[in-house]
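Some notes on the structure that comes next.
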Amino acid sequence: MRAIIGPVALVDCNNFYVSCERVFDPGLLRKPVVVLSNNDGCVVARSNEAKGLGIGFGTPIFKCGELVRSKGLKALSSNYALYGDMSRRVMDCLSRFSPRIETYSIDEAFLDFSGIPLTERTAYAHQLRRRVLKEVGIPVSVGVATTKTLAKIANKLAKRNAGLKGVLDISGEVDMDALLSAFPVSEIWGVGYRYSQTLNRHGISNALQLRGADFSWVRKKMTIKGLRTVLELRGISCMPLELMSKDKKAITSSRSFGKPVVELDELKEAVATYVSRAAVKLRAQGSLAGTLMVFLATNRFKPDDPQYSNFLHLNLPTATSDSPELIRHACFGLQRIYREGFSYKQAGVILSNFSSERHTQLDIFGAEEKRERGRKLMGVVDAVNLRFGRGTLEFAACGLEQPWKTRQEMKSPAYTTNWDQLPVVRA
DNA sequence: TCTGGGGTCCTAGGACCC
DNA sequence: TCTGGGGTCCTAGGACCC
């Protein structure tokens, strides 16, 4: 369901992953903290204190050793079970402030504010902010404007200026020209590195200049999406609220390995593991995959090592969500592209070309009975893993030792999603 | 020693057809 | 040797997002 919108609020959690960690470990408050990517590789979330130390997004953590020693920088492995659960709590809380809500990402939501009179919007946003902090423990920022693109800008300004206390409403009378002329074009939603380079070359460096740019020129250089951005900067809403979450059109599962992998058998275990994870998500949305892509690659950061990467698309004979079947196809594909004599660093699979499980095309070879048994088995496996935690039941093809598994040496417990890891309060 | 993972949308161009 | 025009479908690649 889509809807034309009036004023809209963008609510964005501040330094979300770090804030989640702080809820359960107050010792991290007011300290420089970063959360690392899978494999404990590079920085994907930073506390304000860490940003103050000059640590950029994506910095490899091995370059921060000195800061850990001299400034007490604390680095944590990412804990997606925790962040996913905290996200759900934040969204629950927000939906009580406006039932017309679009969950845009794990840490962001757009809320329809058209029911709130102009003079009350700022106060309402402050109230919302206090409530999320009290109930969930996560600090958020709120930007209110007449379009999503402008709300994004308001939100960034609210975060940036401490005096605003996390809220900025630009949906009413404001000096929009002054505001936009001070906002760099590269920070506009939908303008990435490439486009901002092109725009800069043509003398467009701030949001006011982009707002005034020639429509057909923008259309040519930045496609229809760029044109929508320009219109939104003018206050014309082109991006409606998406109130219903949509099914995914593709599901990827891939990881860098904790250490290089040479043997085909080990690669097969890894790929079998990834494809079973993807299959769980596939079944959860009631889809069948018609295409499976498998890929592998050596470490591109070691240019002196022999390099090789490849991928293979497989059009499956029958669309399926059956884990053993998908594992068979993935291993077959992997075998086709595997070359001996390389140290592999990464592999993965992408499922796509989905159809609905409810109107399956019948298998011309009459294997319906077998498929039905498979469906029931998958249902049981998913239910057990949901109840007792991921990995309770696994396929033998995924291996037992899993030496290739990613490193996560600084991970916090799954405080909210695993009974064994609930926080303990000491009297 | 150590450098992420998971998505979406749009367009150009090729293959193919009449 | 010369060599049309219009349409559809598909895919690879590029741009963006968090």
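None of the values given here were measured: they were computed from a predicted structure. A, B, ... follow the sequence lines: proteins, then strands. Residue 1 opens every chain. Any value given below was found using the heavy atoms of this structure, including those in side chains, with hydrogens, waters and symmetry copies removed.
Residue contacts shown for A/Q197 are absent, as no nucleic acid heavy atom lies under 4.0 Å away. No contact: A/I106 has no heavy atom under 4.0 Å from any strand. No contact: A/K63 has no heavy atom under 4.0 Å from any strand. Nucleic acid contact class of A/K152 (heavy atoms, under 4.0 Å, all strands): sugar-phosphate only. Counting any heavy atom pair closer than 4.0 Å across all strands shown, A/Y274 reaches no nucleic acid atom. Residue contacts for A/D107: at a heavy-atom cut-off of 4.0 Å it reaches the sugar-phosphate backbone alone, with no base atom in range. Contacts of A/R277 with the nucleic acid, taken as non-hydrogen atoms under 4.0 Å apart, are absent. Within 4.0 Å (heavy atoms only), A/S253 reaches sugar-phosphate atoms of the nucleic acid but no base atom. Within 4.0 Å of A/K220, counting heavy atoms only, lies no atom of the nucleic acid at all. Contact annotation for A/K302: backbone-only contact, meaning every heavy-atom pair under 4.0 Å involves sugar-phosphate atoms and none involves a base.
Side-chain rings of A/Y195 and A/W189 stay apart, their centers remaining 6.0 Å or farther from each other. Aromatic rings of A/Y124 and A/H126 (six-membered ring for Trp) have centroids beyond the 6.0 Å cut-off, not under it.
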Item to complete: Could you walk me through whether A/S77 and A/D40 pass side chain to side chain donor-acceptor pair (under 3.5 Å), step by step?
Response: CA-CA 6 Å; A/S77 303; A/D40 294 342; 2.7 Å; yes

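In this structure, A/C20 and A/L82 approach most closely via the heavy-atom pair O-CD2, 4.2 Å. Closest approach of A/R30 to A/E49, counting heavy atoms only: CA-OE2, 3.4 Å. Considering all non-hydrogen atoms of both residues, A/I327 and A/S276 come closest at CD1-OG, 4.1 Å.
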Donor-acceptor contacts, no H, no angles, side chain residues 196-205 of chain A, under 3.5 Å, sequence neighbours left out:
unit_1, atom_1, unit_2, atom_2, d
A/S196, OG, A/G192, O, 3.2
A/S196, OG, A/Y193, O, 3.0
A/T198, OG1, A/R194, O, 3.2
A/N200, ND2, A/I204, O, 3.0
A/H202, ND1, A/T198, O, 3.0
A/S205, OG, A/Q209, OE1, 3.3

If you look only at distance, which donor and acceptor atoms sit under 3.5 Å apart when one is on a side chain in residues 247-266 of chain A and the other is two or more places apart or in another chain?
unit_1, atom_1, unit_2, atom_2, d
A/S253, OG, A/Y274, O, 3.2

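Residues from residues 181-188 of chain A that place a heavy atom under 4.0 Å from any atom of DNA chain B: there are none.
A salt bridge between A/R375 and A/D322 is absent, with no side-chain N of the basic residue lying under 4.0 Å from a carboxylate O of the acidic one.
Sequence order on DNA chain B of the closest nucleotides to A/R219 and A/K345 puts A/K345 first from the 5' end. Take the nearest nucleotide of DNA chain B for A/R255 and for A/N299: the residue whose nucleotide is more 5' is A/N299.
DNA chain B forms stems at B:5-18 with C:5-18, each a run of 3 or more consecutive Watson-Crick or G-U wobble pairs whose two key distances fall under 3.5 Å.
Using the six-membered ring where Trp is involved, A/H313 and A/F311 have ring planes that are perpendicular, over 60° apart on the 30 and 60° scheme.
Among residues two or more places apart in sequence or in another chain, the side chain to side chain donor-acceptor pair (under 3.5 Å) test is passed with A/T229 by none.
Within the 3.5 Å criterion, the main-chain N or O of A/Y83 finds no donor-acceptor partner in the side chain of A/S87.
First and last contacting nucleotides of DNA chain B toward chain A (any atom under 4.0 angstrom from a heavy atom, 5' to 3' order): B/dC2 to B/dT11.
Comparing the P positions of C/dC18 and B/dT3 gives a spacing of 25 Å, expressed to the nearest Å.
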